[in-house]
Amino acid sequence: MRTADTLVRGLGAGALAGLAGGLVSGAALSRVGALPPTASLVRADAAVAGFVVHVLIAVVLGAGFGLLVWYQRSGAGETLFWGLTYGALWWFLGPLTLMSLLLLGFLAWDVHSAQEALPSLIGYLLYGGVTGLALALLRRDRGETAPGSWWGVVGRGALAGLVAAWLLGILLDAQGQLHAFSAVMAGPARSAAWIATLLIGVAAGAGYALLYPRPPEGTGPGLVRGTVYGFFWWIIGPLTVLPLASGGKLAWSLEAARAGFPALPAFLLFGAALAVGYQWLDGLVRVLFSDMVAAADREGLGTEGLRAIGRGALAGLVGGTLFTLVMIQIGALGAFARLIGSASPLAGLVVQVVIADLIGVSYGLLFRRQSYDVGSALGWGLSYGFFWWILGPLTLQPLFLGTAPRWTAEVAAGLFPSLIGHLAFGAGLGVVFHLLEARHNPWWVPRSRMEAARVARRKEQVLTSAPALWTLVVAIALVLPIILGM
Amino acid sequence: MSSSMRRDLAAGAAAGLIGGLAFAWAMQAQGLRAAAGLAGLSSTGTGVALEILAAILIGAGYGAIFRYQPFAYAATISSGVLYGLLWWIAGPLTLAPLLLGRGPGWSLQEADAALPSLVGHVLYGALTGLSFYALVSLYRRARPGAEVVAEPPAAPTRRVVILGGGFGGVSTAQRLEQLFARDPHLEIALVSQSNYLLFTPMLAEVASSGLEAQHISAPVRAACPHTRFVRAEVEGVDTATQVVRVRASPSVPVETLPYDHLALALGSVPNFYGLPGLEEHTFTLKTLDDATRLRNHAIALLERADVERSADERRRMLTFVVAGGGFAGTEMIAELLDLVHGVLRYYPNIQAHEPRFVLVHSGERILPEISAPLADYALRKLRTRGIEFMLNTRVAGASVDAVLVGDGGRIETHTLVWTAGNQPHPLLRTLPCERNRAGAVVADTTLRVVGLDNVWAAGDCAQIPDVNNEGRPCPPTAQHALRQGQVVAGNVAAVLRGQPLWEFRYRTIGTLVALGHRTAVAELRGWKFSGLLAWFMWRTVYLSKLPGLEKKVRVALDWTIDLFFPRDIVLTSHAATPTLAQTIGARSEVASAGATGPGAPAAADVRLEGGA
């Protein structure tokens, strides 16, 4: 049902956005020296040729991007994540597949080739992000109504970012990554680093608020969005802008990325805290100060609260069973037992089941009424499972056992089986919770015109950047440890 | 399976084929064998064929899980990638090593070795998603009218009407909502005079100012969000044409509700047995309004008695009579005593010995439904507190300032609470079916009304044989009504789906009676409890049964506040007590002291049943 007019508009806007993304990423890539392969596509050697080719490819890809996301919900926040996913997908398709086929004659899918292509992965992610943001700017005419006061929105975001940045600083400090921030500012290293961190937090918070002036209804989706947003800031911050500002180089090579890896979980948690904090702040402001009484269609936080908790507990049990199978397979039950100071595997099993139940209950409260089919349930569940891999084995478990968490790439690589287990847990959790909801209260089946309107709104909301988030989370969760861990 | 699901499955399978071919070519180009359990196969042809088959099945799975959404190009591709990644975990990392006899390969080394397969799966997923979308779009363009584009709410093809908004009716509606959660073709309608589900066990506490009225009732619309609620009086039921006539208010014309299945849950109304003066001068305990009126009446009497000088009038004001020694009556008299004595300190002119509480009961012992030792315990406890019991006595009539009892006895009082008789709703008399002596419709063990088609009954308005008790009628309790409602819903669903019917089978789990002031008696499957422990049990059990988390929290808060603050004596309405309008000076209209003169009817010979 696309008219020629829409076609042209989508292509045009996308091409322009792709141009912007291509310029930025091309400049960065040429700095890193990753453009020669692109140059050899046209059998030239000069870096300039590579840059031009890269920009041309970027424009074409951008046009395709514009077409693909034209019918997604507009809004800066949505297209940013679609862009990131698009960039990641084109990294798989481009350097790894098509370019190596054309240039070298075979598919460069093994680990070494992927490690060599790491700079271009980050470059493509950056390209995708910038393209997405540019497209959002170009599509502003289709945007939703602006909030009442942009200053209030930015202020709330900045406040949430400030609080989350405090958390970020603590985490970075624990990993010894804080010094990287100090190089940007003048002054005593530590306080300079802290100030830099807080500034980054404020900027990230304000940026998040601008991306999502009206946060979605669910806290859970907000949490996932924040996590991916933190990932984006990890790419921009420690990998790109900070090294540029302090030493004039980008930290995109394998070694540099490995060195900067410990900051990644910190940024992920920072993003999640930022998103949740902003959402609550926004909700609080709306409850206290909003005059739009008639438009409030709130069912109330407590409605069906017990039922959500019950379903979440049951779903957590099922997911926990899957997780247990994985854990038994890799022999990691002992770690859970040590949490309460015991040594028997049975104690470990009990502890783990209890934890799985609690996480299930939290899933029920955060993600209720957010999934309307098995696909979205899988997506949210997997994302939540990944989040708990970061929070659990990487962060809380060492803390409870008395040691400081270490977030190096080797540790993450060593916890790769646990990642699989957590993904399986999340998938089981999401699907079972959805099935329970469907059995008792499938809110997406319309019973009347009023309900149909509510159903349509929810469906539309789910068709935002949520699919992009799910895919990006799982892809990055799987690929990065593999590439960086060996 | 709907046509759209079939379409999605087929398109998914075809898309999986396309993706699988590309994947197989890529893997071959890499010199790798991918997919599960194929490394041992010597013939590459078979291996490839199995791979293709797996890709087709996986593609069909994609279609079934993620479905088609118009305009969702990007979402389809990214979901495909996600799906491909999941199958990378499930396939090469998990199933392949398992099929080869090793353990699942989740370590980083094995993941590293399988990285090419990961990239292949990503591209497989993207290609599958893209092809899926393209195929379905082409299909829809080629056959534009093949299916409904959106799924608008279909007009309901079946209608179930439930009469009555008590435990029976609401539980029927809730269970029907669950059973037909995904089926918009059934319309459930509930007709009730009041828009709330009343939690009757706590009504006595509302009347004694221990709980707020709104906290013990849940709005039916909130409890049954997918039911069409009609707040109206039922004028009549025409079983021949299967239509219910309702009227929202006297000034509004009658509305007709057609039904395919009718559930009767009308409950019971007070039965005054034709005794003179009862209907005008007594308080019943059937609705929130009744309880609030009684509470206001009692407090207003205390206010008047505080300034009243005439000794006779004071006696009338401070005497409280409850008729009926069943659960409701006993709980009520105990609560009234708690109320009056709890607030007496506010009324300095009323002496502690003045208030008088009388329970009139026609039987030998109170609380006939529970075992004798517990009933005796209750009797002793309440007597110690100062309640008078007139056993083996019947109420003969009432007036504005007196109650006639037994053979000529007379109690001077302005307050008579009637819990001594219930009868099924009078509407049932208009139905062309069998009824028992009390007027309840006779139903069989599947809760179908005998003699009528597609009419079901639950609760106090029905006589249902108890299979555990040799066919004797089930007792009229809330726990029975609740479960009968669920069985009615299950049987309506069974009839609509052509499945066998369920029988109603339930044994009373237990009975609990509150006796005011931290005392209760409880009997659970033979285990007897009394005193403080029983009181805890009563509060816990009934709090858990209260419908809705919000009300549970509110009632729990009310009870907690009661621990620290005295009862509330705020009079919310003066006009709620018409009896008081005719207090001082009014003459009794019924002949006094035993005379059975002309025109004064004899005390009716009835068997007083315990209150609901």
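To find a chain, count down the sequence lines: A is the first, B the second, and so on, and within it residues start at 1. These values consider heavy atoms only, across backbone and side chains, with no hydrogens, waters or symmetry-generated copies. Source: prediction; values computed, not measured.
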Give the minimum heavy-atom separation between [X] and [Y], together with the two atoms involved.
X	Y	value
Leu107(A)	Ala26(B)	CD1-O, 3.6 Å
Ala413(A)	Leu108(B)	CB-CD2, 3.0 Å
Pro116(B)	Asp110(A)	CG-CA, 4.0 Å
Ala111(B)	Phe416(A)	CB-CE2, 3.4 Å

Interatomic distance, [X] atom [atom1] to [Y] atom [atom2] [nearest 0.5 angstrom]:
X	Y	atom1	atom2	result
Ile77(B)	Leu68(A)	CD1	CG	5.0 Å
Leu549(B)	Ile309(A)	CG	CD1	8.0 Å
Phe66(B)	Leu378(A)	CZ	CG	5.5 Å
Gln115(A)	Leu115(B)	CD	CG	9.0 Å

Counting only heavy atoms closer than 4.5 Å, note whether [X] contacts chain B via side chain, backbone, both or neither.
X	result
Val473(A)	neither
Leu472(A)	neither
Thr97(A)	side chain
Leu93(A)	both
Ala475(A)	both
Leu419(A)	neither

Legend entry - Heavy-atom pairs under 4.5 Å with chain B, option from Leu415(A), Val326(A), Val474(A) with the top count: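 That would be Val326(A).
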Legend entry - Whether Thr471(A) side chain and Ser78(B) backbone form a donor-acceptor pair below 3.5 Å: yes
Legend entry - Greatest number of heavy atom pairs closer than 4.5 Å to chain A - which of Val553(B), Leu82(B), Leu179(B): Leu82(B)
Legend entry - Ile420(A)/Thr94(B) under side chain to side chain contact (heavy atoms under 4.5 Å, CB included): CA gap, chis, key distance, verdict: CA-CA 10 Å; Ile420(A) 303 286; Thr94(B) 313; 5.6 Å; no
Inset, instruction - Show your reasoning for whether side chain to side chain contact (heavy atoms under 4.5 Å, CB included) applies to Leu382(A) and Leu86(B). - result: CA-CA 10 Å; Leu382(A) 286 166; Leu86(B) 290 181; 3.5 Å; yes
Legend entry - Over 12 non-hydrogen atoms of neighbours within 6.0 angstrom of CH2 in Trp389(A):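 It does: Trp389(A) CH2 has more than 12 such atoms within range.
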Legend entry - Side chain to side chain, Thr85(A) and Val81(B), heavy atoms closer than 4.5 Å: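 Heavy-atom side-chain distance check fails, nothing below 4.5 Å.
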Inset, instruction - Please assess Phe92(A) against Leu118(B) for the test side chain to side chain contact (heavy atoms under 4.5 Å, CB included), listing each intermediate value before the final yes or no. - result: CA-CA 10 Å; Phe92(A) 283 106; Leu118(B) 182 146; 3.9 Å; yes
